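The structure appears below as structure tokens.
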There are 2 protein chains.
Amino acid sequence: MKSSDMPLDIDQIIKKSQEVCTLAGAKLTDKRKNVLIVLLAAATPLSAYEIVERYKTHFHEALPVMSVYRMLDFLIQEKLVHKLETSGQYMSCAHITCEHQHETPQFLICDRCGSVKEIGIKQHIIAELERSIQSTGFTLAHQQLELHGICEHCQIKPQ
Amino acid sequence: MKSSDMPLDIDQIIKKSQEVCTLAGAKLTDKRKNVLIVLLAAATPLSAYEIVERYKTHFHEALPVMSVYRMLDFLIQEKLVHKLETSGQYMSCAHITCEHQHETPQFLICDRCGSVKEIGIKQHIIAELERSIQSTGFTLAHQQLELHGICEHCQIKPQ
DNA sequence: TCTGCTATGATATAACATAACATAAGAAAT
DNA sequence: ATTTCTTATGTTATGTTATATCATAGCAGA
Ligand SMILES: [Zn+2]
Ligand SMILES: [Zn+2]
Ligand SMILES: [Zn+2]
Ligand SMILES: [Zn+2]
């Protein structure tokens, strides 16, 4: 299951992505765009090697995995894609078309079906986390939170 | 830097580990024990391959990486060792000698020196997290939280 | 001793990621 | 239009993390 239950308008997201890149003085080349499309069309995060396979299927063109890693680096820099550190997989940002600035992301990873829902982390959670570790002298870098569990759909389904 | 600033009494931890295993009907063999000792003596988490190297240095005996993975599986099952999912590294549990049951662990990972401090996650943080995702229908599995940042020591040191 | 179980060894391979250098494609300057 | 520079992509090799599979050793109980 795609984590968002809303149907995606890929064309619109790509259009917005173009704008984001142009604004940043970066170029969303055709291949970078196609990699993003593969991720947008996927129901779950994909590894770089899975992207190679799907790219081949979708676009009838081979893409070296080395290039995929570089394109992912680019897309991550532009915050169009995120990397899940706990699984080494990549997924498109769920908030590309949102106007607001990108917040610290929080990922809800379903351990049964593999779907991932990205939500912005609530400010008060960050504040609580910081308060709870204050005594350790540790300073948080706001990267991302990856939480594992069972998604809504998988809960109502039989095992 | 070892994350805990307290000097470790490795002998005492090993003794307790023996007890934990015996109680669980499991055997802490010499090799498993030695792998644990390597981790206890390390200042930072180690990869399985790094454990192989250090094992060789400490004990003048080669250990196949395959065996290390199996011993890590065993030690993780007995909660004597944790795996950091964000880096594929392993570290000894900081609470082996504690009497209380093992809580959901939270790891503060220093991105400058690589040290990791393990603390039990506060109940109210879990409650807050659960409340914040309630509307998504997602049910958290209490695995572990890996937080990145800068540790106390690295903050006072020049870059 | 025989039997069966658990631990470990050995080998191969899968899966994820980076390094280094070559070529192509496009923009800017001449 | 040609040269030059830069950026994007291709190619090959290798490093790193993890699993699969089958063989052997060691040990406990019948
Ligand atoms: Zn995002
Ligand atoms: Zn699910
Ligand atoms: Zn622990
Ligand atoms: Zn540090």
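Protein chains get the first letters and strands the later ones, always in sequence-line order, with residue 1 at the start of each. For clarity, every value in this text was computed on a predicted model and none was experimentally measured.
Closest approach of B:Phe59 to B:Val38, counting heavy atoms only: CE1-CG2, 3.8 Å. Across A:Ala42 and A:Arg54, no two heavy atoms sit closer than the pair CB-NH1, 3.8 Å. Of all heavy-atom pairs between A:Ser132 and B:Lys122, the closest is CB-CG, 4.2 Å. Shortest non-hydrogen contact noted between B:Val52 and B:Pro64 is CG2-C, 4.5 Å.
In this structure, B:Lys33 atom NZ and C:dT8 atom C1' are separated by 17 Å, rounded to whole Å. Atom CG in A:Leu84 sits roughly 16 Å away from atom C1' in C:dA17 (whole-Å rounding). For A:Leu72 and D:dA8, the CG to P distance is 15 Å, given to the nearest whole Å. Rounded to whole Å, atom P of D:dA8 lies 10 Å from atom CD of A:Glu78. Here D:dT16 presents its C1' atom at 8 Å from OH of B:Tyr69, a figure rounded to the nearest Å. Regarding B:Asp73, its CG atom lies at a distance of 11 Å from the P atom of D:dA20, rounded to whole Å. For the pair B:Ile51 CD1 and D:dT16 C1', the interatomic distance rounds to 14 Å; values are reported in whole Å. As rounded to whole Å, 14 Å separates atom P of C:dC16 from atom CD of A:Glu85.
The stretch residues 21-31 of chain A touches DNA chain D through A:Thr29, A:Lys31, each having a heavy atom under 4.0 angstrom from the strand.
The phosphate of C:dC16 has neither OP1 nor OP2 within less than 4.0 Å of any side-chain N or O from A:Tyr49. An OP1 or OP2 oxygen of C:dG9 is reached within less than 4.0 angstrom by a side-chain nitrogen or oxygen of B:Ser67. A sub-4.0 Å separation between OP1 or OP2 of C:dA17 and a side-chain N or O of A:Tyr90 is present.
We find that A:Lys56 and A:Glu53 are not joined by a salt bridge, their nearest charged nitrogen and carboxylate oxygen being 4.0 Å or further apart. For the pair A:Asp30 and A:Lys33, the salt-bridge criterion is met [side-chain N within less than 4.0 Å of a carboxylate O].
Candidate nucleotides C:dG9, D:dT9, C:dA17 were compared by shortest atom distance to the side chain of A:Met71, and D:dT9 ranks first.
Distance CG/A:Leu147 to OG1/B:Thr139: 12.5 Å, rounded to 0.5 Å.
Residue contacts shown for A:Pro64 include a base, since a base heavy atom lies under 4.0 Å away. Note on B:Met66: a base of the nucleic acid sits closer than 4.0 angstrom, heavy atoms only.
Between B:Val65 and B:Arg32, the residue anchored nearer the 5' end of DNA chain C, judged by the nucleotide with its closest heavy atom, is B:Arg32.
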